[in-house]
Trainee: 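Just passing along the structure, written as structure tokens.
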Amino acid sequence: KELFSWESLFTLRGFIMIVVGGFLVGFGTRYAGACTSGHAIMGISNLQWPSLVATICFMIGGFIMANLILPYILAL
């Protein structure tokens, strides 16, 4: 299977993954109070403790998603 192809994007599964992914990005941005770049670049450079915690959580979440959850989803 190809991860990035137009054929897989225009399927029901591809549409659901895009919609759910977009929702999760929007929810995370709103919940964290800024986007990942805003926290990582501006927050840490201003030595803000919440931005450091948020950036660490973003990285942990990304590692878990890329290494544990995404391979399971793509195997279905």
Side-chain angles (χ1 to χ4, degrees):
K1 291 184 186 181
E2 287 187 34
L3 180 60
F4 301 105
S5 69
W6 289 107
E7 292 81 24
S8 62
L9 178 65
F10 293 119
T11 62
L12 179 62
R13 180 177 170 207
F15 178 75
I16 290 172
M17 287 182 70
I18 293 294
V19 170
V20 170
F23 174 76
L24 290 174
V25 168
F27 175 77
T29 300
R30 186 71 178 145
Y31 186 72
C35 65
T36 55
S37 301
H39 275 295
I41 296 170
M42 292 301 298
I44 293 176
S45 66
N46 288 328
L47 302 176
Q48 295 180 2
W49 174 251
S51 291
L52 178 63
V53 172
T55 303
I56 290 170
C57 290
F58 295 147
M59 293 300 295
I60 291 170
F63 288 137
I64 290 171
M65 181 63 189
N67 294 310
L68 300 177
I69 300 172
L70 188 60
Y72 175 74
I73 292 172
L74 294 177
L76 294 178

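Reckoned from all heavy atoms, side chains included, excluding hydrogens, waters and symmetry mates.
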Trainee: If you measure from CD1 on Ile73 to CZ on Arg13, what distance do you get to the nearest 0.5 Å?
Mentor: 8.0 Å
Trainee: Side-chain heavy atoms under 4.5 angstrom apart, residues restricted to Ile, Leu, Val, Met, Phe, Trp, Tyr: same cluster for Leu70 and Phe58?
Mentor: no
Trainee: Same cluster or not: Met17 versus Met65, using hydrophobic residues (I, L, V, M, F, W, Y) connected whenever any side-chain heavy atoms lie under 4.5 Å apart?
Mentor: yes
Trainee: Is there a continuous path of hydrophobic side-chain contacts, each under 4.5 Å between heavy atoms, that joins Ile56 to Leu68?
Mentor: yes
Trainee: On a heavy-atom basis, which atom in Ala66 and which in Pro71 lie closest, and how many Å separate them?
Mentor: O-CD, 3.5 Å
Trainee: State the CG-CG distance between Asn46 and Leu52, to the nearest 0.5 angstrom.
Mentor: 13.0 Å
Trainee: Atom OG1 in Thr29, atom CG in Leu24: separation rounded to 0.5 Å?
Mentor: 10.5 Å
Trainee: Give the cluster check for Leu12 versus Phe23: same hydrophobic cluster or not, with ILVMFWY residues linked at side-chain heavy-atom distances below 4.5 Å.
Mentor: yes
Trainee: Measuring from Ile44:CD1 to Trp49:CH2, what's the distance to the nearest 0.5 Å?
Mentor: 10.5 Å
